[in-house]
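Take a look at the structure below.
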There are 2 protein chains.
Amino acid sequence: MSTTVAINAREETALVSAGDTNSPCCVPAHGQEALEAAAAEALAARFKALADPNRLRILSIVSSSPEAETCVCDLSEPLGLGQPTVSHHLKIMVEAGLLNREKRGVWAYYSLVPGALDSLAATLAPKA
Amino acid sequence: MSTTVAINAREETALVSAGDTNSPCCVPAHGQEALEAAAAEALAARFKALADPNRLRILSIVSSSPEAETCVCDLSEPLGLGQPTVSHHLKIMVEAGLLNREKRGVWAYYSLVPGALDSLAATLAPKA
DNA sequence: ATAATATATCGACGAACGTCGATATATTGA
DNA sequence: TCAATATATCGACGTTCGTCGATATATTAT
C-alpha cells in the first residue's frame, strides 16, 4: 500500500510522498485523491501564519529572546508597527499553534510552541 | 559572534537561531535587528506560495506523478478548478521557485524544483 | 489555410488580509 | 478609589488574493 500519498509526520499529512505512482498523462489515478481537501486546508492555514514578513520577524525575535519569550512591548518598536497590529499578528500565530501565550501580571509573554515549526518543516521534507 | 540571529541554510536566513541572546525585558537589543526586513519579505513570499490549499494539493499531485511531472490538464479536474485558475496557481509557484515549467509540444509539464521544499524546511528547523 | 486543442493572459468581482486609531479590559501603584 | 499602564478588541480603510469567463497565443493535424 505505498500508493497513498499520505506519509505521517506527527500524525499529520505530508505534502510530498516518497512516492511512486502509476498513471499515464491525462488519465488521473482517481481514487487516491492526493492531498485531501480538508488536510490541505489545515496545512495551508498554518503556512498562512508564516506568510507575512512581520510575523516571521516576530518569530525570529521571540525565538532569540533570553527565555525564548517576549512581551508585546518588545515587538512594537523594532518592527515599526502599532501595538494593535502586533497583538493581531500574535493572535494569528497563537491560533495557528505556533506560539504560546502566558499572561503574567500586566504583561503577556509569548513563546514558541515546542516542535511546532519542526512539524511544519517535516511536512515539507518528510525525511530530512 | 554568536549573537547574530542569522544561521545560513543554503545561503539564506533561518527563522530561528540556535540562539542565546541577552536583553532584559523592554530593553530590546537593538543592533542585531533579528530577521532583516528584506530577508523576512523574501521568506514570506515563498511561504505565501504554500499558503493556499489548492496549491498544496497541486504540489502533492505533481510530486506523486509518474515522472514527478504533471500537465495542467491533469490538475484541473481533480481539483475542481477552472483551467485559468490552475495556470494562475502554477505560475505563482514557478515564480516562487518551487516548480519548474517545461513546455513540450502543446503541453506544459510542471515538476518540483529539487531541494526547494527542503531549503524552505531548513529555514523552519535549522538543525533537524 | 483551417480547425482543434492546450495553455496563458486579461479584466472583473467578492472575500480575505494588514494596518491603523479609538476604545475596552485588566492589573498595578498611589 | 483613582490614575497609569499593558494588552486586547472593534470598526474602518485600502490592498492583495482566489476565482471566473472571455480571449489571446501557440502547436498539431487535416
Side-chain angles (χ1 to χ4, degrees), chain A residues 24-28 37 40-59 61-62 65 69-96 99-111, chain B residues 24-28 37 40-41 43-59 61-62 65 69-96 98-111:
Chain A
C25 183
C26 291
V27 185
E41 197 90 37
L43 234 195
R46 297 166 70 195
F47 281 123
K48 223 169 280 189
L50 294 176
D52 178 273
N54 287 319
R55 286 199 287 272
L56 292 178
R57 299 182 78 191
I58 289 176
L59 283 183
I61 294 176
V62 167
S65 291
E69 58 180 19
T70 321
C71 54
V72 180
C73 60
D74 285 337
L75 295 169
S76 192
E77 194 225 294
L79 294 173
L81 292 177
Q83 172 266 317
T85 303
V86 173
S87 273
H88 176 239
H89 284 311
L90 289 167
K91 182 179 186 180
I92 287 177
M93 290 193 284
V94 167
E95 285 172 347
L99 289 182
N100 278 319
R101 177 182 182 276
E102 189 194 350
K103 187 135 191 184
R104 288 202 296 271
V106 190
W107 286 272
Y109 292 89
Y110 289 86
S111 58
Chain B
C25 184
C26 291
V27 185
E41 197 90 38
L43 234 195
R46 297 166 71 195
F47 281 123
K48 223 169 281 188
L50 294 176
D52 177 272
N54 286 319
R55 285 198 288 273
L56 291 177
R57 298 182 79 192
I58 289 176
L59 283 183
I61 294 176
V62 167
S65 291
E69 57 181 20
T70 320
C71 55
V72 179
C73 59
D74 285 338
L75 295 169
S76 193
E77 194 225 293
L79 294 174
L81 292 177
Q83 173 266 316
T85 302
V86 173
S87 273
H88 176 239
H89 284 311
L90 288 166
K91 182 179 186 179
I92 287 177
M93 291 192 283
V94 167
E95 285 172 348
L98 300 178
L99 289 182
N100 278 319
R101 176 183 183 275
E102 189 194 350
K103 186 137 192 185
R104 288 203 297 271
V106 191
W107 288 272
Y109 292 90
Y110 290 85
S111 58

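Values reported hereafter were calculated over all heavy atoms of this structure, with side chains retained and with hydrogens, waters and symmetry mates removed. Chain naming here is simple, since letters A, B, ... match the order of the sequence lines and numbering starts at 1 in each.
- A donor N or O paired with an acceptor N or O is found under 3.5 Å between the base of dA8(C) and the side-chain atoms of Gln83(B).
- The residue among Arg104(A) and Leu81(A) whose nearest nucleotide of DNA chain C is located toward the 5' end is Leu81(A).
- Atom-to-atom, CD of Glu102(A) to C1' of dA6(D) comes out at 16 Å; the value is rounded to the nearest Å.
- An end-to-end axis angle of 20° holds for the helix from dA1(C)-dT30(D) to dA30(C)-dT1(D), taken from five base pairs per end and rounded to 10°.
- Checked against dG18(C), dA8(C), dT19(C), the side chain of Arg101(B) finds its nearest nucleotide in dA8(C).
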Check: residues 78-89 of chain A side-chain donor-acceptor pairs under 3.5 Å, at least two apart:
unit_1: Gln83(A); atom_1: NE2; unit_2: Ser87(A); atom_2: OG; d: 3.4
unit_1: His89(A); atom_1: ND1; unit_2: Arg55(A); atom_2: NH1; d: 3.1

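- Distance CG (Leu50(A)) to P (dC17(C)): 14 Å, rounded to an integer number of Å.
- Rounding to the nearest 0.5 Å gives a distance of 11.5 Å between CD of Glu102(A) and OH of Tyr110(A).
- Considering only side-chain atoms of Trp107(B), the nucleotide from dT27(D), dT7(C), dG18(C) that sits closest is dT7(C).
- Annotation: cation-pi pair Arg101(B)/Tyr109(B) absent, no NZ/CZ under 6.0 Å from the ring centroid and within 45° of its normal.
- Residue whose closest nucleotide on DNA chain C sits further toward the 5' end, between His89(A) and Val106(A): His89(A).
- Not counting sequence neighbours, Val106(B) has no partner by the side chain to side chain contact (heavy atoms under 4.5 Å, CB included) test.
- Separating the NZ atom of Lys103(A) from the C1' atom of dT9(D) is a distance of 12 Å, rounded to the nearest angstrom.
- Nearest heavy-atom pair, Ala51(B) versus Ala51(A), reported as atom, atom and distance to 0.1 Å: CB-CB, 4.0 Å.
- Here dA8(D) is the nucleotide among dT19(C), dC17(D), dA8(D) with the atom lying nearest to any side-chain atom of Tyr110(A).
- Here the C1' atom of nucleotide dT9(D) and the NE2 atom of His88(A) are 11 Å apart, to the nearest Å.
- Distance from the side chain of Pro84(B) is smallest for dG21(D) among the nucleotides dG18(C), dG21(D), dT19(C).
- Listed nucleotides dT7(C), dT7(D), dT27(C) differ in distance to Ser87(B); the shortest reach to its side chain belongs to dT7(C).
- Between dT7(D), dG18(C), dC17(C), one nucleotide has an atom nearer to the side chain of Cys71(A) than all others, and that is dT7(D).
- Atom NZ in Lys91(B) sits roughly 17 Å away from atom C1' in dA6(C) (whole-Å rounding).
- Looking at Ser65(B), its side chain does come within 3.5 Å of a backbone N or O of Ile61(B) through a donor-acceptor pair.
- Taking atom CE of residue Met93(A) and atom P of nucleotide dG18(C), one finds them 11 Å apart after rounding to whole Å.
- Atom CG in Leu90(B) sits about 15 Å away from atom C1' in dT19(D), given to the nearest Å.
- Of the residues Leu59(A), Asp52(A), Leu50(A), the one that meets the side chain to side chain contact (heavy atoms under 4.5 Å, CB included) test with Met93(A) is Leu59(A).
- OP1 and OP2 of dT19(C) both lie 4.0 Å or more from every side-chain N or O belonging to Thr85(A).
- Computed from coordinates, the Asp52(A) CG to dA16(C) P distance equals 18 Å when rounded to whole Å.
- Distance check: Leu98(B) CG to Leu90(B) CG gives 11.0 Å after rounding to the nearest 0.5 Å.
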